[in-house]
There are 2 protein chains.
Amino acid sequence: MSISRSSASTASKKRQILPRAVRREQLIQATMRCIARLGLSSVTLSQVTKEAGLSQGIANLHFAGKEDLLVETLRYVTGEYNRGQIQILEDPAFALPSERLAALVNFQFSRSVTEETKMAVWFAFYGEAKSRPTYKAICAQADAKAARLVRRLFADVGLELDRSMDPVMVAEGYIALIDGLWLSLLLVPKKMTRAKAKRVAWAHLNGIFLTL
Amino acid sequence: MSISRSSASTASKKRQILPRAVRREQLIQATMRCIARLGLSSVTLSQVTKEAGLSQGIANLHFAGKEDLLVETLRYVTGEYNRGQIQILEDPAFALPSERLAALVNFQFSRSVTEETKMAVWFAFYGEAKSRPTYKAICAQADAKAARLVRRLFADVGLELDRSMDPVMVAEGYIALIDGLWLSLLLVPKKMTRAKAKRVAWAHLNGIFLTL
DNA sequence: GATGAGAATGAACGCTGGTTCATTCCCATC
DNA sequence: GATGGGAATGAACCAGCGTTCATTCTCATC
């Protein structure tokens with residue numbers, strides 16, 4: 001509490017009025033950090049607003065309530081990931097499907113995507129999705145979109161390499177592997193690194209596309 | 001659970017005194033059902049005790065508190081799974097490592113292991129593990145044990161099939177795939193069935209062991 | 001500089017949920 | 001059948017949380 005900085009660390013003493021969109025973003029970011037630090041079940045609004053360097057009541061001013069803030073946080077991470085994925089899967093610059101696949105793998109294990117905070121948020125909501133229809137719907141929708149895109153990519157790679165295989169099965173296997181690797185990255189980062197995960201993913205892909 | 005029905009539905013009116021171990025088991029079972037139905041963050045002791053058909057205060061009588069009950073529930077599922085896994089991986093009855101591997105796959109996608117309630121509990125705790133050292137330790141320990149056993153199995157299978165590969169990498173990939181498939185089974189059971197998951201797992205294994 | 005619309009604040013409120021403990025009641029023992 | 005130890009109960013307690021709203025303060029407009 002001193003001079004006049006805005007962020008969490010040295011909070012400004014001066015009250016500031018900012019656009020709704022900015023406040024919402026600040027609160028969502030703070031929520032992500034809180035989920036990563038405390039877990040979804042221990043997140044409180046006073047923690048979140050303190051993390052954001054704002055006042056207690058502000059969450060209810062810009063969101064319909066705590067639950068709404070959480071849902072928007074989930075939408076934020078799934079949306080961001082999906083946009084990145086679509087950009088790769090629809091970029092016309094790739095000459096070969098296999099090059100596109102390589103770009104996808106690199107994206108999925110990029111520093112930005114595998115950032116600890118995001119992984120923590122992702123799996124925190126997955127853990128609750130079973131019993132929360134709203135979370136489940138958002139996760140399922142994100143997954144379905146990813147699956148569709150990956151399926152098409154794998155079909156193309158199959159044609160390129162002249163392999164006959166079922167794109168549906170292959171896509172499901174690949175996505176499951178990525179999810180599992182992300183879980184390892186989150187829980188045992190000492191044992192599973194991004195580089196290692198990438199190698200494991202490639203071993204899988206080589207196995208799928210080069211068998212027989 | 002016998003003549004005078006004790007469970008939730010038609011509660012027995014008579015008070016009953018049972019051994020500590022039985023009460024603990026009842027409460028853990030009820031906790032698992034509540035986690036599956038409500039999610040870890042919405043579980044309350046009054047829900048759990050009602051589900052068990054017992055009184056409010058009983059959880060604190062047989063466990064140190066709510067947190068202890070949750071931890072013991074996590075230990076219960078991980079312990080059960082590990083015992084099943086060890087039984088297969090150390091059963092001397094298998095002639096070939098590949099047969100042992102087949103048994104492992106069947107076990108991992110058996111009805112008992114993939115039971116909705118257990119999967120829900122499993123992932124609920126995984127989702128919180130990042131921020132809860134106690135949960136994290138239990139999960140990590142279970143994972144480490146599984147990894148060690150699977151690594152050895154894969155080394156044996158490699159010898160049997162005369163393939164040279166790195167058992168560490170292969171084991172990590174396999175375990176990640178299984179985790180990812182379980183997640184699909186939990187979240188989109190309409191799309192991912194046990195049979196399908198098994199086929200995906202075999203496609204992966206064939207790819208790994210038959211490549212080049 | 002004055003003004004007012006409304007963004008931001010934070011104290012206060014009510015409710016929910018974990019924990020406690022006086023009381024009740026079972027049942028092994030005699 | 002009587003009895004005492006202690007398992008089980010459930011009402012009461014209290015801390016912590018989400019939400020509200022009277023008040024404060026900012027800044028675009030004039």
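Only heavy atoms go into these numbers, but all of them, side chains included; no hydrogens, no water, no symmetry mates. Protein chains get the first letters and strands the later ones, always in sequence-line order, with residue 1 at the start of each.
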Between CG of B:Leu54 and C1' of D:dA7 the distance, given in whole Å, is 12 Å
Dump the pairs, protein N or O against N or O of nucleotides 1-6 of chain D, anything under 3.5 Å, distances to one decimal.
none

How many whole angstroms separate atom CZ of B:Arg20 from atom P of C:dC26?
22 Å
If I take atom CD1 in residue B:Ile58 and atom P in nucleotide C:dT20, what distance separates them, rounded to the nearest angstrom?
15 Å
Any protein N or O atoms within reach of nucleotides 13-15 of chain C? Criterion: under 3.5 Å, listing atom names and distances.
none

With sequence neighbours left out, what residues match A:Gln47 under side-chain hydrogen bond (donor to acceptor under 3.5 Å, both in side chains)?
none
State, to the nearest 10°, the angle formed by the axis through the first five base pairs of the helix from C:dG1-D:dC30 to C:dC30-D:dG1 and the axis through its last five.
10°
Applying side chain to side chain contact (heavy atoms under 4.5 Å, CB included), can you list everything that pairs with B:Arg83, at least two apart in sequence or on another chain?
B:Glu80
Other residues, nucleotides, ligands: >12 heavy atoms within 6.0 Å of B:Arg20 CZ:
yes
Between P of C:dG18 and CZ of B:Phe63, the distance in whole Å:
15 Å
Once ring pair (Phe, Tyr, Trp, His ring centres under 6.0 Å) is applied, do any residues pair with A:Phe63, and if so which ones, sequence neighbours excluded?
none
Under 3.5 Å: donor-acceptor pair, side chain of B:Trp182, backbone of B:Gln108
yes
Under 4.0 angstrom between A:His62 side-chain N/O and C:dA8 OP1 or OP2:
yes
Do the charged groups of B:Glu116 and A:Lys130 touch, with an N to O distance under 4.0 Å?
yes
Starting at CD of A:Gln26 and ending at C1' of C:dA7, how long is that distance when rounded to a whole Å?
13 Å
At less than 4.0 Å, is any side-chain N or O atom of B:Arg23 found next to OP1 or OP2 of D:dA8? Yes or no.
yes
Side-chain donor-acceptor pairs under 3.5 Å in residues 65-72 of chain A, sequence neighbours left out?
{"residue": "A:Lys66", "atom": "NZ", "partner": "A:Val43", "partner atom": "O", "Å": "2.8"}
{"residue": "A:Glu67", "atom": "OE1", "partner": "A:Arg132", "partner atom": "NH1", "Å": "3.4"}
{"residue": "A:Glu67", "atom": "OE2", "partner": "A:Arg132", "partner atom": "NH1", "Å": "3.2"}
{"residue": "A:Glu67", "atom": "OE2", "partner": "A:Tyr135", "partner atom": "OH", "Å": "3.0"}
{"residue": "A:Asp68", "atom": "OD2", "partner": "A:Ala64", "partner atom": "N", "Å": "3.0"}
{"residue": "A:Glu72", "atom": "OE2", "partner": "A:Arg75", "partner atom": "NE", "Å": "3.4"}

Take the protein atom CZ of A:Arg24 and the nucleotide atom C1' of C:dA8, then report the distance between them rounded to whole Å.
17 Å
For nucleotides 14-22 of chain D, give me one character per nucleotide, 5' to 3': B if any protein heavy atom sits under 4.0 Å from the base, S if the only such contacts are to the sugar-phosphate, - if neither.
---SSBB--
Rounded to whole Å, the CG-C1' distance (B:Leu27 to C:dG18) equals 15 Å
Who are the side chain to side chain contact (heavy atoms under 4.5 Å, CB included) partners of A:Ala176, not counting sequence neighbours?
B:Leu177, B:Leu181
Taking atom types as modelled, is there a side-chain donor on A:Glu128 or B:Ser41 under 3.5 Å from an acceptor on the other?
yes
Does A:Asn206 use its side chain to pair, donor to acceptor, with the backbone of A:Trp202 at less than 3.5 Å?
yes
Does anything in residues 140-151 of chain A form a side-chain hydrogen bond (donor to acceptor under 3.5 Å, both in side chains)? List the pairs, not counting sequence neighbours.
A:Tyr126-A:Asp143
Using 30° and 60° as the class boundaries, would you call the ring planes of B:Tyr174 and B:Phe154 parallel, tilted or perpendicular?
perpendicular
Those residues that, when tested against A:Thr117, pass side-chain hydrogen bond (donor to acceptor under 3.5 Å, both in side chains) (two or more places apart)
none
Please name all residues satisfying side-chain hydrogen bond (donor to acceptor under 3.5 Å, both in side chains) with A:Thr134, sequence neighbours left out, ordered by chain then number.
none
